[in-house]
Every structure is written in structure tokens, then in C-alpha cells.
Amino acid sequence: MPRYNPAVIEPKWQQYWEQNKTFRCPDLPDPKGRGKLYVLDMFPYPSGAGLHVGHPEGYTATDIYCRYWRMQGKSVLHPMGYDAFGLPAEEYAIRTNTPPRQSTEANIANFTRQLKMLGFSYDWDRCLATTDVEYFRWTQWICLVLFDTWYDHAQGKGRAIAELPIPAEIVAQGEIAVEKYRDQHRLAYQDDALVNWCPALGTVLANEEVIDGRSERGDHPVQRIPLRQWMLRITAYADRLLADLDSLDWSPGIKKLQADWIGRSLGAEVDFAIMPQGDWGNWLATRSRSGFPAGPDSQTLRVYTTRPDTLYGATYMVVAPEHPCVQRITTPELRSSVEAYVQSASFKSDRDRTEGDKKKTGVFTGAYAINPVTELPIPIWIADYVLASYGTGAIMAVPAHDTRDYEFAKTYGLEIIQVVEPKDATAEELRAIREGEICFADEGIAIHSGDFSGLATQEAKQRMTQWLSQRGVGRQAVNYKLRDWLFSRQRFWGEPFPILHELDADGKPNGRKRAVPVESLPVDLPHLEDFKPHGRPEPPLAKADDSWLYVELDGKSYRRETNTMPQWAGSCWYYLRFISPGSSTAMVDREQEAAWMPVDLYIGGAEHAVLHLLYSRFWHKVLYDRGYVTHKEPFQRLVNQGMILSYAYKDKRGALISGDSIHEDEQGCATHKETGEVLERIVAKMSKSLKNVIDPEGVVKEYGADALRLYEMFMGPLEATKPWSMQGVNGVRNFLDRVWRLMVDTRTEENQLLDGVQDVAPTAEQEKVIHATIAAVTRDVEQLSFNTAIARMMEFVNYFTKEEVRPVQAMETLTLLLAPFAPHLCEELWAVLGHSSTLAYEPWPVFDPQKLKAAAVEIPLQINGKLRAKMTVSADCSPEELEQAARSHDRLAELLEGKQIVKAVVVPGRMVNFVVK
RNA sequence: GUCGCUGUGGCGAAAUGGCAGACGCAUUGGACUUAAAAUCCAAGGACCCUUAACAGGUCGUGUGGGUUCGACUCCCACCAGCGACACCA
């Protein structure tokens with residue numbers, strides 16, 4: 001008996017779709033249609049390993065959604081492309097000594113072949129790669145927009161640099177000063193920053209690419225060194241990136257992840273007067289008691305705190321080792337120990353700083369500051385638990401109410417003064433806090449705080465901030481964890497910066513920069529014989545021929561910027577290019593952008609919850625401010641697919657066993673091939689070392705693309721993490737066979753309609769099944785609840801398998817409902833059912849609520865919430881009738897005999913519950 | 001350490017205040033077959049009592065409390081697993 005053969009059917013329909021351009025998307029949505037839908041997948045990095053099973057998970061989900069909405073009459077934009085710049089390609093190129101473009105193109109070809117094998121309904125004419133010269137021409141163009149934009153905090157938006165007001169005193173200093181002033185305000189600017197330098201990769205990395213002091217890619221150690229780098233002023237947009245999250249249809253979890261990354265906090269800045277060295281007594285006697293000098297100058301140390309209410313408890317201060325005041329305030333006696341500490345801190349990687357128990361270390365500077373409320377001198381310390389890059393790089397330490405300060409104070413024997421008391425605590429807890437045995441970091445009631453005593457923390461914060469600003473020694477302040485984005489890399493395989501550095505007559509850069517003229521874009525990568533990093537921060541592009549490196553323009557000489565952009569750059573805006581991939585006059589066609597944006601559904605892995613999505617939103621907002629796009633946010637709805645895991649086995653000692661050494665018997669019991677030990681099955685990430693990686697191409701070859709698609713959707717909810725099971729794949733493949741046999745006569749080699757499939761009207765019961773299935777599948781697909789939609793279709797097939805006569809109408813309905821999930825099989829069935837063209841645009845079946853109504857329903861009868869009996873009544877039975885029927889039900893009446901009914905709960909059409917005593 | 005997610009049969013899961021375990025995998029039985037595979041049909045949470053059988057009862061959604069006529073679902077506390085962040089003052 002011939003089974004349905006995907007190896008023949010699937011390529012046949014893939015060819016059909018390609019030749020007929022079935023899924024070509026029009027430039028603009030069809031005005032006569034039911035609106036537009038832009039559905040986007042996170043485009044893959046085309047690695048040499050090819051697709052893994054995680055790719056088809058999200059891609060199948062979006063494909064089903066798109067195919068469904070096409071049948072519902074929407075114009076659907078559903079593109080695919082490749083994020084192809086980046087380190088792995090370059091590492092591979094270095095290893096094999098081939099140009100990165102060559103391996104990248106081979107990998108893209110392989111990915112495209114594999115994706116097409118899965119039957120996704122992309123408009124392949126829109127396919128792009130970030131490495132296409134015509135693509136990165138516009139990446140460079142956006143880079144120039146960033147270079148040409150400054151953030152106007154008064155208006156709350158980015159504006160052209162030409163509109164930046166220049167203060168008169170700067171104008172007076174001449175043209176160079178004006179240019180410098182502009183450079184200081186650009187969204188893309190160069191700065192001497194402490195950067196994460198990774199010698200092994202030969203490049204600097206963004207904070208986000210450094211995990212525990214090691215590179216995210218390759219796990220190499222990272223050092224902090226000062227280096228002149230390109231930065232993007234994402235911090236200017238922190239407020240808007242946070243506020244606009246509200247308008248997005250994203251999961252609360254992802255929103256929170258982004259919000260936490262932006263890390264907005266409201267607090268106060270406080271200026272502490274530094275006591276001059278030497279004649280302290282005299283200074284104390286002569287200074288004014290009415291206040292301290294305002295602003296950070298040589299006399300004051302400015303801190304940021306979120307707990308100004310604890311100011312009375314500030315018993316010492318700490319500045320970061322990199323803080324500029326360190327040199328100035330350190331007393332001569334302590335200079336050597338301070339310098340030694342600063343030295344050692346700078347050599348420490350972030351890893352070293354956070355490693356181990358994180359024992360707090362620090363040294364005393366010898367200097368003192370005055371606590372503005374107690375007016376008592378407090379010592380100033382240096383410690384690396386205070387970060388130079390957050391707030392002001394200095395803190396007031398309140399050991400009684402901050403766990404880090406507490407730990408530090410305990411280590412160095414510093415004073416601990418309690419100034420907040422918990423609202424409700426046991427006497428023992430109160431005593432422990434009072435005596436400094438534990439640290440109380442929560443909110444409570446202020447004590448020992450002068451006029452502020454008795455105030456609740458929130459109130460005390462406000463009043464203290466007010467008090468400070470009245471005296472000019474403090475003010476309300478907002479801080480963000482978000483830092484500016486380090487945007488340059490010292491690697492070959494990335495977009496060159498479209499920036500030129502002006503050279504003086506002697507060939508030395510004079511510090512003036514200019515943008516490459518737009519008409520000269522793109523700046524292509526030069527040909528380099530040797531593009532290896534050499535462990536020094538000088539980028540590989542500096543080794544290019546002079547003909548690339550040096551440019552004459554308007555009678556001046558320039559040297560090209562030799563840094564390249566990070567891999568994130570290309571993925572920041574690819575969703576825009578998909579809208580008009582061929583446009584040679586703009587990054588995106590205005591009319592088309594307005595018509596298609598925003599992205600209605602964006603599906604991808606949660607690993608991009610912070611970086612890619614934040615960077616993209618930032619660029620989009622800049623483009624919005626500058627009038628190049630029409631929406632504030634790019635991605636209206638975001639869904640994160642769950643990770644697909646695999647089974648792994650471990651022995652009694654907990655050691656993981658490689659797939660090679662495992663023998664599995666028919667009962668599914670796994671033993672070690674050599675030792676015979678019975679192994680425990682666990683769920684783990686797929687990994688090469690465990691040899692439990694599932695190759696999607698192999699699954700397609702064995703079971704077919706439709707089976708792979710259907711299985712990945714049937715495994716569980718899209719967003720859940722779930723383990724792969726080959727038996728499960730076999731199960732859905734069986735289902736597809738059952739669908740095939742439901743309609744096709746398998747006794748002959750020809751695909752002929754089964755005799756039982758007849759053009760007759762369905763019975764009332766069959767109609768109920770048909771319409772219930774349409775209703776459930778429609779709702780489930782719209783909610784991306786694909787696993788339950790498939791279950792409903794399985795029930796449908798189980799039902800009709802038992803029916804001898806299978807109305808054509810029922811079979812056509814099933815074919816259309818299943819088509820988004822298993823498109824190849826359904827196209828073939830559609831043809832067998834007598835249709836001559838694709839079902840991709842057939843109207844989606846409509847359900848009739850009338851036909852869903854059952855004449856009779858079974859009602860559970862409960863006593864005290866426990867199920868006691870069931871009865872069948874007519875569906876339109878009134879509550880009174882229902883209760884009466886329940887009371888007179890034989891079994892129930894027997895159980896109710898002699899009991900007093902306190903209450904009867906009657907839910908029409910659902911249940912009856914008697915509460916008895 | 002902080003935050004988040006998850007916890008339901010042998011396994012993947014469904015049900016989000018109203019009959020727990022839909023659907024699928026694996027299992028078992030039956031039909032078909034010389035036989036096997038494939039296919040079709042059927043059974044199945046645990047325990048108890050009774051029985052030839054039908055039926056009946058108790059317990060059951062990580063643990064302990066609570067709200068409710070009624071809780072897998074809502075609230076509180078805890079435990080376990082996974083993930084993210086990790087000195088952000």
C-alpha cells in the first residue's frame with residue numbers, strides 16, 4: 001500500500017511556488033484586500049553548520065500565521081535574509097585562509113537551500129544579506145544620519161547637527177572650536193573610553209558582549225584599557241526607550257528585561273564639601289554654617305544616591321579608583337598605598353573584580369568630607385565596588401542600610417549608624433539592627449535624623465531632596481544603568497565607517513572629521529591579503545593600500561576611518577530594507593514604508609531580548625526623529641519562541657554520557673554500551689559533545705518537511721522550552737498519513753480520490769464536527785496556539801476515519817485548515833480534490849455558530865462540589881428547569897434524601913451544585 | 001544574591017474559576033494476516049470494595065495554608081528545576 005511520499009510531493013510544490021511566484025508580495029498592500037500584515041522572523045546568522053531545529057520552530061510559526069492571513073485576504077509581507085557580517089565567518093576565514101565573503105556566500109547558499117526545503121512562504125525576491133554592498137551602503141548611510149544628529153533634550157528629539165545652537169563663547173573661539181562642540185553633541189561620536197579589549201579576538205567589545213569578564217564569543221579574557229572609540233549616544237534615548245515599551249504588545253517578561261537593562265532610577269545628587277588638607281580646624285571654624293559651595297569643584301565631591309533619606313547615616317564615602325579626584329585628595333602619607341590600589345584595580349579584569357566571594361577591598365585616602373546634615377567629617381575611601389561608569393563614580397556610604405556598604409564597613413571597622421527602623425519587626429530584629437548585627441536595606445521610618453525623624457522612607461526622601469536643593473548642595477536626579485554603545489570594532493569583516501579624517505600638509509590627522517559624501521557611498525571593504533588581527537588595537541583596515549586609505553576631496557587630503565561596525569549594525573534596520581529591497585535612491589521607499597510598517601508580528605529567540613531589540617529601537621527612533629520613518633516603534637508585537645532541547649543521559653555519578661556510548665532498548669531504557677550501567681534520562685541543550693544534536697535536514701529526508709513543521713508546532717506551546725523526541729515526529733507523520741488515506745485511494749499508484757469521498761451534504765453531526773473544528777483552529781491560529789489547533793484537526797480526522805461516506809465539503813475544509821501547517825501535503829490533496837491551482841489564496845473556511853449548537857448537553861451534578869451524577873438535558877434548558885430536573889434525578893435524589901439543601905448553584909448549560917448540611 | 005519562567009499519568013502535553021488528563025507518543029488487548037509489518041478497533045491516574053458484568057467509593061495537578069458553593073486555575077508562604085542579571089549606590 002503506497003504511503004504518501006513527501007520526497008516526491010514536497011519538491012514538486014516547492015518548484016510550483018517558485019515558478020509561479022506564489023508568494024510574491026506587492027510593493028504596496030492591495031487596497032481592495034483586508035489590510036496589510038508584516039510578519040518578520042529574526043534572520044539567521046548563516047553559520048557553516050547549517051540550520052538547527054530552533055530555526056524552523058519560529059519560522060514555521062510565522063509561516064502558518066502568514067499562510068492563514070493570506071487566505072483571510074490580507075496582503076502579507078514575509079521576508080527572509082541573512083545577518084552575515086561578524087566574527088565566526090572571519091575566524092573561519094582566518095583558519096582556512098580564504099576571504100570571508102567566499103565562505104559567507106557558500107553558507108548563505110546552503111541556508112537558502114535548507115530553508116526552501118521546508119516550504120516557507122517567503123517572498124524570496126526580497127532576500128538580502130547584511131554583507132551585500134547595496135545593503136551596507138545604507139547601513140553606512142544611517143551611520144551618517146547618526147553622525148549628523150544631536151539630541152535636543154528640550155524638545156526631546158534628535159535633530160540635524162546644523163540646528164545645534166552654538167554658544168557665543170564657542171563661536172568666538174573660531175571654526176575649530178565650533179566643530180569640536182558639534183562633535184561633542186553628535187549621536188555618533190569618538191571618545192577615549194575605558195573599553196573591553198579582548199586580545200585573543202583582537203577587538204574591543206560592547207559591555208553587552210562581555211560576560212563575567214570574558215568574551216561572549218569564544219570565552220576569551222577581556223581587559224579594560226583606554227582607547228579612542230566610536231560611541232553611539234543611546235543614553236540620550238533612554239527615557240523614550242523605556243516609556244514607549246508601554247505601547248508595545250510584548251510579553252511583560254521581555255519588557256521588564258529591557259526596562260531593567262535601561263535601569264532608570266530616581267534619586268538625588270548630593271555635594272559633599274571636602275575638607276582642605278592641613279589646617280582643618282581653621283577651616284571648620286571659618287566656613288559658613290549656612291551652606292556649602294554648589295556644584296562639583298575642587299572643594300566638593302558629588303555623589304548619587306537613591307536613598308537621600310539615609311543621609312544622617314552616611315558615615316564614610318567611597319570613590320571609584322578611576323575617579324578624577326583621587327590624585328587631588330589623597331594625603332601624602334597615604335599616597336603610595338592609594339596608588340598601589342589604583343594600579344592593581346586597573347589591571348584587574350572585570351572577571352577578577354567579581355570573582356570569588358567578592359570580598360570588598362579598598363584603601364583610605366586620608367581625606368575627609370563633611371556630611372551636610374550632621375556637619376561631621378567622614379573619611380573618603382577608594383574601593384572598586386564603586387563603579388566609575390555609574391552615577392558620579394562616588395557614593396555616600398550608609399552601612400546601616402546598604403548591604404555593600406555594610407560589608408565594607410564591617411571589613412574595615414567603619415562606623416555604622418542606624419537611621420531607618422522597620423515598620424513591623426520583632427524585638428529581636430530591632431535589637432540586631434540597632435546593634436549593627438544585620439543590615440536593614442528596606443524602607444521604614446526615619447530615626448536619628450533630626451527634623452526628618454518619624455517620616456516614612458518615601459516622604460523622607462522627598463523632604464531631604466527638597467532640603468538639599470534649597471541649600472544648593474543637592475538636587476533630584478535620574479540615573480540609568482544603560483551606557484552609551486561602543487560601536488567600533490577592530491575587525492575586517494564588518495561595515496567600514498563612512499568617515500574621513502582630515503590630514504594636515506605633513507600628513508598627520510588634525511582631528512577634523514567629515515562624512516563621506518552620500519553620493520560616494522558605499523565604502524566597500526578593501527582587498528586585503530592579510531586581514532588577521534595582530535593583538536594590537538590598530539584595525540586590519542589600516543593595512544589597506546594607500547589607494548583605499550587616502551582620499552582627496554575638495555582640495556584636502558583625508559585618511560579613512562579604519563574601524564568597522566559591530567555585527568549588530570546590519571540587524572538594526574533590516575526590517576526596513578525588506579520593504580523596498582531594490583530601492584537605489586533611499587534606504588526605504590517612503591510610501592512603501594508608511595504602508596507596511598510597523599512589523600505586526602516579530603518572532604525570534606529570547607537571547608535577543610535586550611541587545612538587538614534595544615539597538616533596533618534606538619536606531620528606529622533616530623530615523624523617526626529625522627523624518628525617515630513614520631512610526632515610533634518598529635516591532636508592534638513580539639513573541640519569543642522557546643528553546644528546543646534534547647535528551648541526554650547521565651550515570652549514577654551524574655556524569656553526562658555522549659550519545660555514542662548509549663544503548664537504548666525497545667522499552668526506552670538506556671544503558672552504557674561498555675559498562676552496562678543503567679542511565680538516567682535528562683533534558684539538556686543540544687551540544688556537539690553530547691552528540692544529541694538533531695539535524696533538521698536529516699528529519700526532512702526521513703519524515704518530510706511537513707512532518708518536521710507539524711511536529712515542531714505540536715510539541716507544545718510556542719513559547720515553552722521543550723525536548724525533542726523522534727517518536728513524536730513519527731507520530732505526526734502517522735497523522736499526515738491518516739489525512740492522506742482519508743481522501744486518497746491508496747490501492748493504486750495513481751493519486752485518486754477515495755470512493756467514500758462523495759459530493760453529498762454532510763449530516764447534522766458531521767456539520768457539527770466540521771464547524772467546531774473551523775472555529776477552534778481559526779481561534780488557535782490567531783492566538784499562535786498551534787499545538788491545540790493540530791489536536792483539533794486530529795480529532796476531526798479520527799472522527800471522519802470512522803465515517804464510510806466522507807462529504808467532499810468536509811474534506812476540502814480539512815485540507816484548507818491544515819494547509820498552513822502542512823502546505824505540501826495539502827496542495828497535493830487540493831489537486832486530488834479536483835482543483836487546478838494553488839490553495840494559497842483560497843478563502844479560509846467560515847464557521848456557522850448555528851451549526852455548533854448541540855440539541856442536548858450533558859450536565860454534571862455535584863453535591864458540595866463533588867461530582868455525583870450526570871444528566872442529559874436540552875441545550876436551551878432554563879436555570880429553573882435545570883435545577884428541577886437535577887432535584888428529581890434518580891441518583892441525586894437518593895443522595896439528597898434527608899439532607900437539607902442550603903443552596904443550589906445552577907450554571908445553565910454547565911453544571912448544578914447543591915450545597916447540603 | 002536579585003529578578004523571571006516552570007512544576008499535571010511512564011513521556012510531550014490539554015483544561016486559566018465549573019466533569020482534571022483533550023490530542024499525541026510509548027504500552028496492553030482485539031480484528032485483519034499463513035506470519036510479521038502496516039492498518040483499523042478498543043483499554044488505560046492511583047487505590048479500595050463488590051462483582052459474572054454494569055456500577056460504586058476514597059485519594060489525586062511540587063508542599064503547606066487561605067479565598068470560594070466549587071481551585072490545576074485566584075491569594076499567601078515554602079520547596080525543586082531552568083533561565084537572565086549580577087557590586088548600578
Side-chain angles (χ1 to χ4, degrees), chain A residues 1 3 211-212 251-254 256-257 260-261 263-265 267 303-307 310 318 350 353-354 358 360 383-387 389-398 401-405 407-408 441 479-483 606-607 609-610 642-643 645 647 666-668 681-685 710-711 714-717 719-732 734-735 737-738 741 746 785 787-795 797-798 801-802 858-870 891 902-907 909-916:
Chain A
M1 204 193 299
R3 296 170 95 197
I211 294 162
D212 280 343
S251 77
I254 295 290
K256 192 169 183 311
L257 226 49
D260 287 351
W261 194 266
R264 183 183 198 272
S265 71
V303 303
Y304 172 76
T305 178
T306 53
R307 292 295 300 271
T310 61
V318 185
D350 277 8
R353 279 202 191 187
T354 55
K358 294 185 206 163
K360 298 213 169 12
D384 63 7
Y385 81 90
V386 171
L387 308 175
S389 50
Y390 182 77
T392 62
I395 62 158
M396 63 178 216
V398 185
H401 306 294
D402 181 286
T403 50
R404 297 151 302 181
D405 298 344
E407 207 183 304
F408 191 78
N479 249 301
Y480 298 94
K481 285 193 210 174
L482 187 69
R483 311 290 153 81
E607 67 273 20
V610 177
M643 211 188 327
L645 304 177
Y647 289 118
E666 274 132 41
Q667 314 301 316
R681 191 175 80 170
I682 57 158
V683 171
K685 277 187 193 173
L710 202 68
Y711 174 64
F714 189 58
M715 288 170 88
E719 295 180 74
T721 308
K722 45 219 173 240
W724 186 276
S725 148
M726 271 306 176
Q727 287 175 332
V729 185
N730 197 47
V732 292
N734 273 339
F735 166 67
D737 282 329
R738 279 161 65 83
R741 286 194 302 268
T746 49
S785 179
N787 54 332
T788 52
I790 294 165
R792 293 288 90 79
M793 290 187 276
M794 285 173 169
E795 285 178 279
V797 171
N798 289 346
T801 298
K802 286 169 202 159
E858 198 183 40
I859 301 286
L861 304 176
Q862 301 178 342
I863 294 174
N864 285 345
K866 291 202 172 173
L867 181 69
R868 291 300 168 194
K870 289 176 187 178
R891 170 82 187 141
V902 179
K903 190 176 173 184
V905 182
V906 181
V907 185
R910 295 221 87 142
M911 48 76 64
V912 178
N913 184 21
F914 291 108
V915 186
V916 302

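In the text below, chain A, chain B and the rest are named by the order of the sequence lines, each starting its count at 1.
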In this structure, how many angstroms lie between the [atom2] atom of [N] and the [atom1] atom of [X], rounded?
X         : N      : atom1 : atom2 : answer
Asn730(A) : G12(B) : CG    : P     : 18 Å
Asn734(A) : U39(B) : CG    : C1'   : 10 Å
Arg483(A) : A86(B) : CZ    : P     : 10 Å
Met911(A) : G18(B) : CE    : P     : 10 Å
Arg681(A) : A26(B) : CZ    : P     : 13 Å
Asp402(A) : C87(B) : CG    : C1'   : 9 Å
Arg738(A) : U39(B) : CZ    : C1'   : 10 Å
Lys685(A) : C82(B) : NZ    : C1'   : 10 Å

Minimum side-chain heavy-atom gap [X]-[Y] below 4.5 Å:
X         : Y         : value
Leu861(A) : Met911(A) : no
Tyr390(A) : Tyr480(A) : no
Tyr711(A) : Trp724(A) : yes
Tyr304(A) : Ile395(A) : no
Tyr647(A) : Ile682(A) : no

Any strand counts, and the cut-off is 3.5 Å on both contacts for Watson-Crick or G-U wobble. Which nucleotide pairs with [N]?
N      : result
U34(B) : none
C85(B) : G1(B)
G60(B) : none
U68(B) : none
G7(B)  : C79(B)
C23(B) : G12(B)
U28(B) : A42(B)

For a quick check of understanding: with a heavy-atom distance under 4.0 Å over all strands, which category does [X] fall into, base, sugar-phosphate or nothing?
X         : answer
Asp405(A) : nothing
Ser725(A) : nothing
Met794(A) : sugar-phosphate
Asn787(A) : sugar-phosphate
Tyr647(A) : sugar-phosphate
Lys870(A) : base
Pro252(A) : nothing
Ser389(A) : nothing
Gly731(A) : sugar-phosphate
Arg792(A) : base
Glu719(A) : nothing

Has the side chain of Asn787(A) got a donor or acceptor atom that lies under 3.5 Å from a matching backbone atom of Met715(A)?
->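 Checking the backbone N and O of Met715(A) against the side chain of Asn787(A), no donor-acceptor pair under 3.5 Å is found.
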For Ala720(A), does its backbone N or O pair with a side-chain atom of Lys722(A) as donor and acceptor, under 3.5 Å?
->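 Yes; at least one donor-acceptor contact below 3.5 Å.
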Polar atom pairs (N or O), protein with nucleotides 54-59 of chain B, under 3.5 Å:
| residue | atom | partner | partner atom | Å |
| --- | --- | --- | --- | --- |
| G56(B) | O3' | Arg891(A) | NH2 | 3.3 |
| G57(B) | OP1 | Arg891(A) | NH2 | 3.2 |
| U58(B) | OP2 | Arg868(A) | NH1 | 3.4 |
| C59(B) | OP2 | Lys866(A) | NZ | 3.4 |

When you measure from the side chain of [X], which nucleotide among [options] comes out closest?
X         : options                : answer
Val386(A) : A89(B), C85(B), A13(B) : A89(B)
Thr801(A) : G24(B), G4(B), C40(B)  : C40(B)
Lys360(A) : C87(B), A13(B), C19(B) : C87(B)
Thr305(A) : G18(B), A89(B), C19(B) : A89(B)

In whole Å, what separates the [atom1] atom of [N] from that of [M]?
N      : M      : atom1 : result
C72(B) : G60(B) : P     : 10 Å
U67(B) : C76(B) : C1'   : 11 Å
G45(B) : C41(B) : C1'   : 23 Å

Phosphate oxygens OP1/OP2 of [N]: is one of them under 4.0 Å from a side-chain N or O of [X]?
X         : N      : result
Lys802(A) : A42(B) : yes
Asn798(A) : G24(B) : yes
Lys903(A) : C69(B) : yes
Ser265(A) : A89(B) : yes
Tyr390(A) : A89(B) : yes
Arg910(A) : G17(B) : no

Atom pair [atom1]/[atom2] of [X] and [Y] - distance to nearest 0.5 Å:
X         : Y         : atom1 : atom2 : answer
Thr305(A) : Met396(A) : OG1   : CE    : 4.0 Å
Leu710(A) : Met793(A) : CG    : CE    : 7.0 Å
Lys360(A) : Tyr385(A) : NZ    : OH    : 7.5 Å
Glu795(A) : Ile790(A) : CD    : CD1   : 13.0 Å
Asn479(A) : Thr306(A) : CG    : OG1   : 9.5 Å

So, Asp737(A) and Arg741(A), do they make that salt bridge, N to O below 4.0 Å?
->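 Not counted as a salt bridge, because no side-chain N and carboxylate O are separated by less than 4.0 Å.
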Start at the 5' end of RNA chain B and walk down; is the nucleotide closest to Gly253(A) or to Lys481(A) reached first?
->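 Whichever sits nearer the 5' end wins; that is Gly253(A).
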Find which nucleotide of RNA chain B each of Tyr304(A) and Gly716(A) is nearest to by heavy atoms, and output the residue with the more 5' nucleotide.
->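 Comparing both residues, the 5'-ward one is Gly716(A).
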Between the protein and nucleotides 70-74 of chain B, list every N/O to N/O distance that falls short of 3.5 Å.
none

Going through the distances and angles, do Arg868(A) and Gln862(A) end up as a side chain to side chain contact (heavy atoms under 4.5 Å, CB included)?
-> CA-CA 5 Å; Arg868(A) 291 300 168 194; Gln862(A) 301 178 342; over 6 Å; no
So, is G21(B) syn or anti if syn means the angle is within 90° of 0?
->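 Anti.
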